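Atoms within each ligand, like the ligands themselves, are counted from 1 in listed order. Residue numbers count from 1 along this sequence. This one's a predicted model, so the numbers in the text were calculated from it and none came from an experiment.
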Amino acid sequence: MKKILIVAEMLEGEVRKATLSAMAMAKTVAAASEGTYDVLVLGDGAEAAGEQMSSYGAEKVITCEIEGGYVCERYAATLEKVVRDGDYTIVVATASAFGKDLLPRVAAKLGAGVASDISGVDVDGEEVVYTRPMYAGNVIGRLKVTSDIAVVTVRQADFEAAAPDDEESDLESIDMEQEEVSSKIRFVGLEQVKSERPELSEADVVVSGGRALKSSENFEKVLEPLVDSLNAAMGASRAACDAGYVSPELQVGQTGKVVAPKLYIAVGISGAIQHLAGMKGSKIIVAINKDKEAPIAQVADYFLAEDLFKAVPELTQAVDQAKADR
Ligand code: FAD
């Protein structure tokens, strides 16, 4: 029987939707192993935010107020203590910047094995096998964690957000644990790029542009109208980000964000293996590329062999027209 602890991620006093992917993984493992799961919410405003998590079928939602912004060293000791005191066998968070930063430190403190960035999980009784894409998705690793506690991070794009249950969880509030080093670290501030558009890793539709856009002006004039017509998030290839056409946080791929929207439109993107690693889980992939032989054709459900500077404005116009006709 597995006893699982989900580590919730907070932003500006709320639990982020990304947490629901870790929750989905926990629900799967708990159901298959007749286990249970609890949630730990850490941060500024955790007690109020904990209420948000109390309708997802967890036995218990534990909250711990930690003032100021997130700093790994200020969170890790509390998480370690909760895991030890609660005899948890699996600790899971979503593989966001938060999960990727916090969980390795906690794993080291616990002497626990890690399955990071997993895309799937199989449970057979007490045995849990994690699936993990490796080498830009060219190899799928299947691994077991042999230590008593397993620390796991899950790919948000591969675990559909858990839905609320009818069950109400118990709420418990605990005090923060400090490790000595945390007094030497101070949270200074968080600078966020605010956008009216949906968040890239959570959007249903993503429109990404590549090097072929040639400039930031073309991203603005040619691609953005299509992005906004479709109420989509905007993404980009690394070549477009490196060239400074758009900000690096829009990068999709092995070293960028992993997305799996219902619709992914790749505009002027060749489809290098490192880009595919970040989007090939999308439900429907559309590619607009003037080269029919471009590798993106191998994963595209629809391929338009056309100059993007002609095709994208036409497509935008067609979408606007269809919306007006509704
Ligand atoms: P290009 O490869 O130059 O492709 C441009 C495409 O546009 C071509 O297919 C061309 O036919 C088409 N085109 C040109 N003009 C037009 C036009 N007018 N109309 C229509 N189509 C046109 N890349 C990522 O994207 N994400 C990553 O996370 C990432 N991580 C990496 C990590 C490592 C370690 C390495 C080595 C590389 C990584 N890369 C990543 C880079 C990757 O290998 C490619 O170089 C990059 O994805 C190419 O970007 P692109 O498709 O925009 O450009």
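The residues R16 and E199 are annotated as salt-bridged, a charged nitrogen and a carboxylate oxygen being separated by less than 4.0 angstrom. Salt bridge status for R211 with D242: absent, with no side-chain N to carboxylate O gap under 4.0 Å.
Cluster partners of M134, using a side-chain heavy-atom cutoff of under 4.5 Å among ILVMFWY residues and allowing indirect links, are Y135, V139.
Note on residues 267-292: pairs passing side chain to side chain donor-acceptor pair (under 3.5 Å), not counting sequence neighbours, are Y264-H275.
E65 places a side-chain N or O within 3.5 Å of a backbone atom of G45 that can act as its donor or acceptor partner.
Every residue two or more places apart in sequence or in another chain was checked for a side-chain hydrogen bond (donor to acceptor under 3.5 Å, both in side chains) with S55, and none qualifies.
Sorted by chain and number, the heavy-atom contacts of ligand 1 below 4.0 Å come from G210, R211, A212, S237, R238, A239, Q251, V252, G253, Q254, T255, G256, G268, I269, S270, A272, Q274, H275, N289, K290, D291, A294, E306, D307, L308, F309.
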